[in-house]
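The structure appears right after this line, and notes come after that.
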Amino acid sequence: MSWWEAGFEVLGQKVLWTDLVGNAAALGTVALAIRKTIWTWPVQLTGSVLLFVASIGAGLSGNALKQVMFGVLAAWGWWKWSRGRTGEDLPVRPATGRERLALIGAMAAGTALVAAFFEATGWSWAPLPDAYIFVGSAVATYAQGRALTDFWLVWIAVDLVGVPLAFASGLVVSGAVYGVFLVMVLVGYRDWLRQYRAHRREDAGSARSAAERAPVNGPEARGAGSARSTRRGEPVPQGAPRMSGEQA
């Protein structure tokens, strides 16, 4: 028996080690993404390889193709996060209006194209929702690589379709994993928003402190330094013109 066929039985159902460890790595990917650690990407890459092997063994070509996409995007995200800022120093931000339109447009157009492909090839018994999950997963991973908080929202949209589709397909374990994903994604979105708002407050405080420490230059500063005092008892500098009403 080959290593990719190794597994064990639970209630008469064989569980492949590649499927089990691959799904565990997928769950670990979400947990690591919440912490914004660069280990998110190698764990995701490992899980993608294992689930690809499991999918090929089970004859699930569409799911295998999705794991190839995840593996490529994991490698890209790993490279992206390795450039300059990683871990706790990685800046996160919401997507701009233009970026959100681009993400939505990519999901809509990609879902239509991939659904047509799945239907033509017969790779999926539910081409449209399967394509939506495939494309949504790609868009979410891309946005994650750019550290956009919106990637959590895309995952929520994917999970809302993925959970019922998995149960309808008879994949109870996968449906349960999708359900766990949904809870973790909600927690992750909340935490990333908190971190983003905290960084904004820190940046605003630093900007105010810098402004208060900056020297005052210009006419106001020169005028302040040379202004005469009109308080009683202070002498007017010799040779300076007297103002109306000043006493000698």
Side-chain angles (χ1 to χ4, degrees), residues 4 15-56 58 60 62-83 85-93 95 103 106-107 130 132-163 165-166 171 173-196:
W4 56 83
V15 178
L16 296 174
W17 282 112
T18 51
D19 189 26
L20 179 63
V21 178
N23 273 303
L27 289 171
T29 297
V30 179
L32 292 169
I34 294 173
R35 299 178 59 189
K36 305 200 316 300
T37 170
I38 197 172
W39 284 102
T40 301
W41 302 108
V43 171
Q44 178 173 325
L45 183 58
T46 301
S48 298
V49 172
L50 292 174
L51 290 175
F52 170 80
V53 173
S55 299
I56 290 295
L60 300 176
N63 196 57
L65 180 62
K66 182 169 68 175
Q67 299 309 322
V68 171
M69 173 196 67
F70 281 158
V72 172
L73 289 174
W76 174 81
W78 194 354
W79 170 79
K80 184 76 173 178
W81 282 28
S82 296
R83 298 178 62 197
R85 299 192 184 102
T86 58
E88 291 303 316
D89 295 329
L90 181 70
V92 298
R93 63 176 178 86
L103 295 176
M107 284 191 66
D130 205 8
Y132 172 81
I133 293 172
F134 177 88
V135 175
S137 300
V139 170
T141 307
Y142 169 79
Q144 178 185 354
R146 299 192 62 186
L148 301 178
T149 58
D150 300 67
F151 98 88
W152 295 107
L153 298 178
V154 180
W155 275 126
I156 291 172
V158 169
D159 287 342
L160 289 176
V161 175
V163 173
L165 180 63
L171 302 175
V173 175
S174 295
V177 170
Y178 266 117
V180 175
F181 275 148
L182 181 57
V183 174
M184 296 177 71
V185 164
L186 290 171
V187 173
Y189 180 58
R190 181 200 62 186
D191 288 352
W192 272 42
L193 279 182
R194 285 179 177 175
Q195 293 165 17
Y196 168 70

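What you see is a predicted model; the values in this text were computed from it and never measured. The first residue of the sequence shown is numbered 1, and numbering continues consecutively from there.
In this structure, CE in Met184 is found 7.5 Å from CH2 in Trp152, a value given to the nearest 0.5 Å. The distance from atom CD1 of Ile38 to atom CH2 of Trp81, rounded to the nearest 0.5 Å, is 8.5 Å. We find the CH2-OG1 distance between Trp78 and Thr40 to be 11.5 Å, quoted to the nearest 0.5 Å. Atoms CD and CZ, on Gln195 and Arg35 in that order, are 11.0 Å from each other to the nearest 0.5 Å. Atom CD of Gln44 is separated from atom CZ of Phe70 by 7.0 Å, given to the nearest 0.5 angstrom. Ile156 contributes atom CD1, which lies 4.5 Å from atom CG of Leu186 (distance to the nearest 0.5 angstrom).
For the residue pair Gly47 and Ala25, the shortest heavy atom distance occurs at CA-CB, 3.6 Å. Pairing each heavy atom of Gly71 with each of Ser48, the nearest pair is N-OG, 3.6 Å. A pairwise comparison of heavy atoms in Val139 and Ala106 identifies CG2-CB, 4.3 Å as the closest pair. Considering every non-hydrogen atom in both Ala143 and Phe151, the closest pair reads CB-CB, 3.5 Å. Scanning all heavy atoms of the two residues, the minimum distance from Thr18 to Leu51 falls at O-CD2, 4.2 Å. Contact detail for Ala74 and Leu45: the closest heavy-atom pair is CB-N, 3.9 Å.
Considering only heavy atoms from C-beta on, Leu148 comes within 4.5 Å of Arg93 through its side chain. The closest side-chain heavy-atom distance from Tyr132 to Met107 is below 4.5 Å. Inter-residue side-chain proximity for Trp76 and Thr141 is flagged as unmet; no heavy-atom pair is nearer than 4.5 Å. Residues Trp79 and Trp41 fail the side-chain proximity criterion, which asks for heavy atoms closer than 4.5 Å.
A donor-acceptor pair under 3.5 Å is absent between the side-chain atoms of Tyr142 and the main chain of Leu103, judged by distance alone.
Partner of Trp155 under the side chain to side chain contact (heavy atoms under 4.5 Å, CB included) criterion, out of Val30, Val185, Asp150: Val185 alone.
Sequence neighbours left out, not one pair with a member in residues 177-196 passes salt bridge (Lys or Arg N to Asp or Glu O under 4.0 Å).
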